[in-house]
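Structure first, then comments.
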Amino acid sequence: MTYASDLTHLVLVFEDNRLIGPLYGQFDQHLALIEQKLGVDATARGNQVTIRGSHEAAARARDVLEALYGRLQAGQFLTSADVEGAIRMALAVGDQLPLPAIDAASRLQLAGISTRRKTVLARNPAQDAYIRAMERSTLVFGLGPAGTGKTYLAVAYAAALLERGEVARLVLSRPAVEAGERLGFLPGDMREKIDPYLRPLYDALYDMMPPERVERALTSGAIEIAPLAFMRGRTLANAAVILDEAQNTTSMQMKMFLTRLGDGSKMIVTGDPSQVDLPAGQVSGLVEASRILTETPGIVQVRFTHEDVVRHELVARIVKAYDDDSRERLAARKDKA
């Protein structure tokens, strides 16, 4: 039960009238989302918003609105997904990892990645931890279902490193559909053979960098397409290295890839341990590595769940349904045993 003494009201005034429409959303939909998710009442009159609710909920709503207003002041656009992400961050703000690069003046500190083309901010606590982990660790594992932003954020971070001159090149790798990676049977040169498997990486890359710059970098070798099958024997120094769909690597492939790490490099490994396409009975290199390297200094593992999906909310419900079904099947097998 909530008593009158537990309630408060805050009045926020936003000075730039040009930003009021985008802040509130069409038909005040952003304010409605904040009300729904945080359990407050947000009443707007002109450039003034009155927030009523519990002390904690009202403070969170204030932090969300101030963070969103700050983004608009910086020239960024807002979507409903951005608002929902800010709400998630407000609910978990105490769990954030420290990152000196973030502006300490903001109550709601969002980890972000900036390139010349765009700035990407975390939309939930897991993304926040992921970005911060990439900033401070040499090797990062991003584990979880599709739609959580694992690959997109990894490519965005790698592109930012390249633009800042902190690495000399990007190396993008992804196992082919077949664990054995028999790419020789596919038509074309190496890039044409592997391109279909690397399309999600390309999509993220073109989103973060101008297309002409990407093409020049591919031609010069500053961005390299490196099929996992042909990584053996190399040492990757002064590079940002990404291995995507790593759940489809074998144990030997994963060990081989991880030991390619050279001086001045960062390595990011992404994958969904629940979506292994290897032959039955074969252990996923990603699953094995995440177990073996749990306590290894310099390596951080960030785990995403269906709650961290940033695509359509129906995707999150689909992922949860499949996860629930898998747990039920596993429990049934244990009962039979």
Side-chain angles (χ1 to χ4, degrees), residues 2 6-14 19-44 47-74 76-97 99 102-113 119-132 144-145 147-150 152-153 302-320:
T2 301
D6 296 327
L7 301 177
T8 189
H9 79 275
L10 303 173
V11 178
L12 306 180
V13 179
F14 301 99
L19 304 181
I20 297 305
L23 179 64
Y24 297 169
Q26 188 175 23
F27 305 117
D28 291 349
Q29 62 180 357
H30 294 167
L31 292 179
L33 188 58
I34 292 171
E35 288 181 320
Q36 176 189 349
K37 297 292 185 179
L38 296 179
V40 298
D41 178 68
T43 304
N47 65 342
Q48 179 177 297
V49 178
T50 301
I51 303 171
R52 295 180 176 84
S54 70
H55 293 285
E56 186 177 12
R60 284 173 171 164
R62 174 201 61 203
D63 291 349
V64 169
L65 284 168
E66 289 182 348
L68 296 174
Y69 183 70
R71 293 179 63 173
L72 289 169
Q73 286 180 309
Q76 299 175 28
F77 296 99
L78 290 183
T79 66
S80 295
D82 295 322
V83 178
E84 188 153 355
I87 292 169
R88 290 182 183 181
M89 292 303 304
L91 290 170
V93 70
D95 298 328
Q96 288 177 293
L97 298 173
L99 186 65
I102 299 300
D103 180 8
S106 171
R107 287 191 182 91
L108 188 59
Q109 296 179 342
L110 298 168
I113 302 168
T119 295
V120 181
L121 295 178
R123 288 187 174 181
N124 54 53
Q127 286 193 354
D128 182 81
Y130 189 44
I131 294 172
R132 295 167 190 268
T148 51
K150 306 183 304 296
Y152 187 83
L153 291 176
V302 180
R303 295 184 179 272
F304 297 83
T305 70
H306 69 273
E307 295 180 351
D308 303 310
V309 171
V310 292
R311 293 179 185 168
H312 193 286
E313 62 179 299
L314 186 58
V315 175
R317 293 200 290 267
I318 291 171
V319 172
K320 183 179 185 300

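Just so it is clear, the structure is predicted and the values come from calculations on it, not from any experiment. All values below were derived from every heavy atom in this structure, side-chain atoms included, with hydrogens, water molecules and symmetry-related copies excluded.
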Can you tell me if Lys150 uses its side chain to pair, donor with acceptor, with the backbone of Gly144 under 3.5 Å? yes
Option passing side-chain contact (heavy atoms from CB on, under 4.5 Å) with Ile87 (candidates Asp63, Ile34, Asp82): Ile34
For Tyr152 and Val120, run side-chain contact (heavy atoms from CB on, under 4.5 Å): C-alpha distance rounded to whole Å, both residues' side-chain angles, the deciding distance at 0.1 Å, then the answer. CA-CA 10 Å; Tyr152 187 83; Val120 181; 3.9 Å; yes
Shortest non-hydrogen separation from Asn124 to Asp308 and the atoms involved: ND2-O, 3.1 Å
If only atom types and distance count, is the side chain of Gln29 paired as donor or acceptor with the main-chain N or O of Gly25 below 3.5 Å? no
Classify the ring geometry between Phe14 and Tyr24 as parallel (under 30°), tilted (30 to 60°) or perpendicular (over 60°). perpendicular
Would you name the heavy atoms of Ala111 and Asp128 that are closest together and state the gap between them? N-OD1, 3.1 Å
All heavy atoms of Val40 vs all of Ala58, minimum pair found to be CG1-N, 3.9 Å
Does the His30 side chain pair with the main chain of Pro22, one donor and one acceptor, at a distance under 3.5 Å? yes
Arg303: what forms a side chain to side chain donor-acceptor pair (under 3.5 Å) with it, not counting sequence neighbours? Gln301
All side chain to side chain donor-acceptor pair (under 3.5 Å) counterparts of Thr50, not counting sequence neighbours: none
Rounded distance (nearest 0.5 Å) linking atom CG of Leu153 with atom CD1 of Ile113: 5.0 Å
With the side chain counted from C-beta on, respond yes when Arg123 and Thr79 share a heavy-atom pair under 4.5 Å apart, and no when they do not. yes
Hey, could you give me the CZ/CG distance between Arg52 and Leu10, rounded to the nearest 0.5 Å? 10.5 Å
What heavy-atom pair brings Leu121 and Gly112 nearest, and what distance separates the two atoms? CD2-CA, 3.7 Å
Heavy-atom nearest pair, Gln127 first then Thr148, reads NE2-O, 3.0 Å
Check for a donor-acceptor pair, side chain of Tyr130 on one end and backbone N or O of Val302 on the other, with a separation under 3.5 Å. no
Residues Asn47, Leu19; criterion side-chain contact (heavy atoms from CB on, under 4.5 Å); working and verdict: CA-CA 9 Å; Asn47 65 342; Leu19 304 181; over 6 Å; no
Indicate the atoms forming the closest heavy-atom contact of Ala90 with Val64, along with that distance. CB-CG2, 3.6 Å
For the CG atom of Leu72 and the CG atom of Leu23, what is their distance to the nearest 0.5 Å? 6.0 Å
